[in-house]
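A short worksheet on the structure shown next.
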Amino acid sequence: MQNPRKEHLYKVLVIGDLGVGKTAVIRRYVHQTYSANYRATIGVDFALKVLNWDSETIRLQLWDIAGQERFGNMTRVYYREAMGAFIVFDATRPTTLEAVAKWKEDLDSKLMLANGQSIATVLLANKCDQGKDQFSLSNALKIDQFCKDNGFVGWFETSAKDNININEAANLLVKHIMATEHDILRTAHKKSPTRWHGASERRREHDKGGGIREKETEHDKGGGIREKETEHDKGGGIREKETEHDKGGGIREKETEHDKGGGIREKETEHDKGGGIREKETEHDKGGGIREKETEHDKGGGIREKETEHDKGGGIREKETEHDKGGGIREKETEHDKGGGIREKETEHDKGGGIREKETEHDKGGGIREKETEHDKGGGIREKEVEEERAAEQRPRHGSNEAVDVVQGAERSPDFFWVVFPYC
């Protein structure tokens, strides 16, 4: 009976400035196709390449990251758990080579292997078919030195159009990834060969459609348990779930989902031994919007919720809700529009049935409007409004028939009034 082939799954990043040909390189390598017309990648895209490497099977999960992402806050999430990277620049555009050092710095600052080293990275000078005279001997020597100075394992002139050096570059990267993995495993075994006392388990399943499911379970000698499940569907989506049980009875769960369109959803849940629960959900859509929700349940029955939404235009919306164990509720909503305006609303419900509301609006010109409303349990209502306008707008207009004097900070209409509604 033959031994089953050993299998490896490696995450590989493909990064670089906008328009350097990252997607074209991936399509050529994975599908052996080329098109001159590609739309710009939004967020991240995925592709899977299967290699027969000696007696082993290697699956490369290629992450095509949009060129503008280096200026955002998402690259740390995209880089997570990668084992190798291609950084691509356009051989016909010198400015894209200047940006390579910034991409490498961003990568090294946000991702580190278990042995404390940076991941293996290969530099690709793409579109060499369009700039055959770009790389003289002196230029090639300069790039050799650049790669040594910045920690690249090598570089290649490539062309997705003419299929030049793409397979060779990938083979070099795979060799370095496998060598690095071997060193990490050997070092870990030397340091703690009996750390888990034989209580570590790893299983991998491949379905006939190309999907992969992995499960790892670790039991430490103190009674703690750590489980990690990973599912890769054939369309490029990824789902990860981590669960940790500590010996004191606490539980921590984390779920992450990457869809093939570039969206990311994360959910973290913590149960402490005293009965408290903390949940945090984060969603990143491919257009750049972010939604976060945090929920805390204390052991006394109180609940605190906070929701934050960042739209791609720069607007921010926050909502906080607190439920105390006596039945009172406090809500606060804050909206920041992209023009600089701010709107806040606070609502408090006491356990006796009273309600207090406060609204505050700050416009981009510096004006402020406040409104307070109180509803008592007997049906009474109290309202108070305050407006502060810019000095230029406070002067009455000549010839106006309006009999209104606008004074900064003045309270408008009566200071307050009571309205008692008869019972029906």
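The figures that follow rest on heavy atoms only: side chains count, while hydrogens, waters and symmetry mates do not.
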Check: Are Trp103 and Asp17 linked by a side-chain donor-acceptor pair shorter than 3.5 Å?
Finding: yes

Checklist line | Pairing residues for Tyr10 by the side-chain hydrogen bond (donor to acceptor under 3.5 Å, both in side chains) criterion, not counting sequence neighbours | finding: His8, Glu181

Next item on the list: Given side chain to side chain contact (heavy atoms under 4.5 Å, CB included), test Val14 with Val25 step by step and report yes or no.
Entry: CA-CA 9 Å; Val14 184; Val25 167; 5.6 Å; no

Next item on the list: Supply the atom-to-atom distance Thr95 OG1 to Phe89 CZ, rounded to the nearest 0.5 angstrom.
Entry: 11.0 Å

Next item on the list: Flag the pair Leu172 / Val122 as yes when at least one side-chain heavy-atom distance between them is below 4.5 Å, and no otherwise.
Entry: yes

Item checked: Asp45 CG to Lys22 NZ distance, which is reported to the nearest 0.5 Å -> 11.5 Å

Check: Atom CG of Leu111 and atom OH of Tyr79: how far apart are they, to the nearest 0.5 Å?
Finding: 9.0 Å

Item checked: Pairing residues for Asp144 by the side-chain hydrogen bond (donor to acceptor under 3.5 Å, both in side chains) criterion, not counting sequence neighbours -> Trp155

Check: Is any side-chain heavy atom of Leu113 less than 4.5 Å from a side-chain heavy atom of Met83?
Finding: yes

Next item on the list: For residues His362 and Ile368, determine if any side-chain heavy atom of one lies less than 4.5 Å from a side-chain heavy atom of the other.
Entry: yes

Next item on the list: Would you sort out whether Asn126 and Thr158 count as a side-chain hydrogen bond (donor to acceptor under 3.5 Å, both in side chains), showing the intermediate values?
Entry: CA-CA 5 Å; Asn126 196 36; Thr158 60; 3.1 Å; yes

Check: Could you walk me through whether Thr75 and Lys110 pass the side-chain hydrogen bond (donor to acceptor under 3.5 Å, both in side chains) check?
Finding: CA-CA 8 Å; Thr75 53; Lys110 296 176 180 176; 2.6 Å; yes

Margin query: Do the side chains of Asp90 and Lys127 get close enough for a salt bridge, i.e. N-O under 4.0 angstrom?
Written below: yes

Notebook entry, point to check: For Asp108, what residues pass the salt bridge (Lys or Arg N to Asp or Glu O under 4.0 Å) criterion, not counting sequence neighbours?
Noted result: Lys104

Check: Taking Lys384 for the side chain and Glu370 for the main chain, is one N or O donor matched with an acceptor at less than 3.5 Å?
Finding: no

Notebook entry, point to check: Is Thr347 reaching over with its side chain to a backbone N or O of Lys345, donor-acceptor style, under 3.5 angstrom?
Noted result: no

Next item on the list: Could you check Arg27 against Tyr34 for side chain to side chain contact (heavy atoms under 4.5 Å, CB included), going step by step and ending with a plain yes or no?
Entry: CA-CA 7 Å; Arg27 295 283 178 86; Tyr34 173 79; over 6 Å; no

Check: Heavy atoms, side chains only, cut-off 4.5 Å: are Lys175 and Leu173 in contact?
Finding: no

Next item on the list: Please check if the side chain of Asn115 supplies one atom and the backbone of Gln117 the other of a donor-acceptor pair under 3.5 Å.
Entry: yes

Margin query: Just so I know, are the side chains of Leu60 and Leu48 near enough to count as touching, which here means a heavy-atom distance under 4.5 Å?
Written below: no

Check: Which atom names give the shortest non-hydrogen contact between Ala169 and Leu124, and what distance separates them?
Finding: CB-CD2, 3.6 Å

Notebook entry, point to check: Okay, side chain of Arg28, backbone of Ala160: is any donor-acceptor separation there less than 3.5 Å?
Noted result: yes

Checklist line | Non-hydrogen side-chain atoms of Leu107 and Thr121 separated by less than 4.5 Å | finding: yes

Next item on the list: Can you sort out the partners of Lys161 under salt bridge (Lys or Arg N to Asp or Glu O under 4.0 Å), two or more places apart, ordered by chain and number?
Entry: none

Check: Between CH2 of Trp63 and CD of Glu81, what distance do you get to the nearest 0.5 Å?
Finding: 9.0 Å

Item checked: Verdict with reasoning, Phe152 to Ile87, per side chain to side chain contact (heavy atoms under 4.5 Å, CB included) -> CA-CA 9 Å; Phe152 288 89; Ile87 300 183; 3.9 Å; yes

Next item on the list: Taking all heavy atoms of Ile184 and all of Ala114, pick out the closest pair and write down the distance.
Entry: CG2-CB, 4.1 Å

Next item on the list: With sequence neighbours left out, write down each residue that passes side-chain contact (heavy atoms from CB on, under 4.5 Å) with Val30, or none if nothing qualifies.
Entry: Ile26, Ala47, Lys49, Leu62

Item checked: All salt bridge (Lys or Arg N to Asp or Glu O under 4.0 Å) counterparts of Glu229, not counting sequence neighbours -> Arg213

Margin query: For the CG atom of Asp64 and the CG atom of Leu13, what is their distance to the nearest 0.5 Å?
Written below: 10.5 Å

Next item on the list: Compare all side-chain heavy atoms of Asn167 with those of Tyr29 and state whether any distance is below 4.5 angstrom.
Entry: yes

Notebook entry, point to check: Counting heavy atoms not belonging to Glu105, are there more than 12 under 6.0 Å from its CD?
Noted result: no

Next item on the list: Check for a donor-acceptor pair, side chain of Asn150 on one end and backbone N or O of Phe146 on the other, with a separation under 3.5 Å.
Entry: yes

Notebook entry, point to check: Rounded to the nearest 0.5 Å, how far does OG of Ser159 lie from CG of Asn165?
Noted result: 9.5 Å

Margin query: Any heavy-atom pair between the side chains of Ile15 and Ile65 that's under 4.5 Å?
Written below: yes

Check: Closest approach of Ile58 and Met178, non-hydrogen atoms and distance?
Finding: CD1-SD, 3.4 Å

